[in-house]
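Quick caveat, the model's predicted, so the values are computed rather than measured. Atoms considered below: every heavy atom in the structure, side chains included; atoms not considered: hydrogens, waters and symmetry mates. Each ligand, and each atom within it, is numbered from 1 in the order the structure gives.
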Amino acid sequence: MTAPANKTVFAPAKINLALHVTGQRTDGYHLLDSVVMFADVGDTVTVAAAARMSLQVTGPMAAGVPADDRNLCWKAAEAFGAPVAITLDKHLPAAAGIGGGSSDAAAVLRAMEALFDRGHGCDTAALGADVPVCMLARAARMQGIGDRILPLSMAPLHAVLVNPGVGVSTPEVFRALSRKDNPPMSEPPCGDPALPWLLAQRNDLQAAACALQPVVASVLDTLGALDGARLVRMSGSGATCFALFDDAAAAQRAAALLQRTHPSWWSTATVLS
Ligand code: C5P
C-alpha cells in the first residue's frame, strides 16, 4: 500500500471546565487540577512530506499567527524529526485559553504519525502544557503541569464560547495569582450528570485574568444574563469564557443573540465531548 501524499487532522478547541491551581514547582511551573473537554469547532491542519519545512496559515483567524519556527506546529514537526509542508487553517482565536496552538501541534503530530507510519517519539509536554491532553482530544482530567492525563467518561455538554478579541498572556495571569496553593478538584462524578459537580469547582485563574483584562468580567456577566445559562466560567487563562446550556437549541439561541448584541466578539454554539 502506498503512503498517503498528505493528511488532514481536525484540531478542536480545548475547554477547561474547571481549572484549579494547587501548587508551584521550584522551576516556576504551576501544578494544576483541571477537567477538559473538546469542542466541535477548531482549526484544521494538513501535512505533506516535503524536502524542507514550510508553514502556510489560512482561514478567518490567520491574522497575526506566525508562519515560521515560532509557531507550535513547526516546533511539533521538528520534534517529530521530519521536514513537512504544513497548512494551518485557523478558525480559533489565538492566545485565548482554548488551546489553539497546542491543539494544532497535537494535530501535526497525529498527521505525521499517519504519514510516516510511526509514533511521534517526542516529549509532548515539553512542547506545551496542553499538548498531552490535546493528543487525547477527549474528556480528561489533567494534573501535574498538564502531563498527567486521565480520560473521563462524560456525557456531551452544550455550550456557547465567547472571546472578546483581547489576547491574554498565560505567564502574566499565573504571575498575578494571589494564591497558588488552592484545594484540588473534588472527585469527578462517574456516569452522573456533570453539572452539579462542575458548579462546585472553579477556575483559579479567572480573577487574575479579569484584573488584567476587565473585558473578561464583562463577558462573564453577559453570559450569566443569558436565558438558560446553567454555568458560566473562563477557560484556561482566558480570555475565552463559556456558558453551559441544557440543550443545543438553547445554546444556539444564546449564540445568535450574542452575535447580534456583541458583533465584535467571537461567539459560537458548540457541543463538548
Ligand atoms: O506550556 P505553555 O506554553 O502552555 O505555558 C505558557 C506559560 O504558562 C509557561 O511558560 C508558564 O509561564 C505558564 N505555565 C505555568 N504552569 C503550567 C502551565 C503554564 O506556570 N502548568
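- Using modelled atom types and a 3.5 Å distance limit, the side chains of T240 and N163 yield a donor-acceptor pair.
- Sequence neighbours left out, the pairs with a member in residues 100-123 that pass salt bridge (Lys or Arg N to Asp or Glu O under 4.0 Å) are K90-D104.
- Sequence neighbours left out, the pairs with a member in residues 241-258 that pass salt bridge (Lys or Arg N to Asp or Glu O under 4.0 Å) are R230-D246.
- Distance alone, capped at 3.5 Å, places no donor-acceptor pair between the S102 side chain and the G128 backbone.
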Can you give me a line-by-line list of nitrogen or oxygen pairs between ligand 1 and the protein shorter than 3.5 Å?
from	atom 1	to	atom 2	distance (Å)
ligand 1	1 (O)	A129	N	2.8
ligand 1	16 (N)	H30	N	2.9
ligand 1	20 (O)	H30	ND1	2.6
ligand 1	21 (N)	H30	O	2.9
ligand 1	21 (N)	I145	O	3.4

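- Applying the salt bridge (charged side-chain N to carboxylate O under 4.0 Å, His left out) criterion to D227, with sequence neighbours excluded, gives no partner residue.
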With side-chain hydrogen bond (donor to acceptor under 3.5 Å, both in side chains) as the criterion, how do N182 and K180 come out once you've worked through the C-alpha distance, each side chain's angles and the decisive distance to 0.1 Å? CA-CA 6 Å; N182 305 291; K180 302 182 169 190; over 6 Å; no
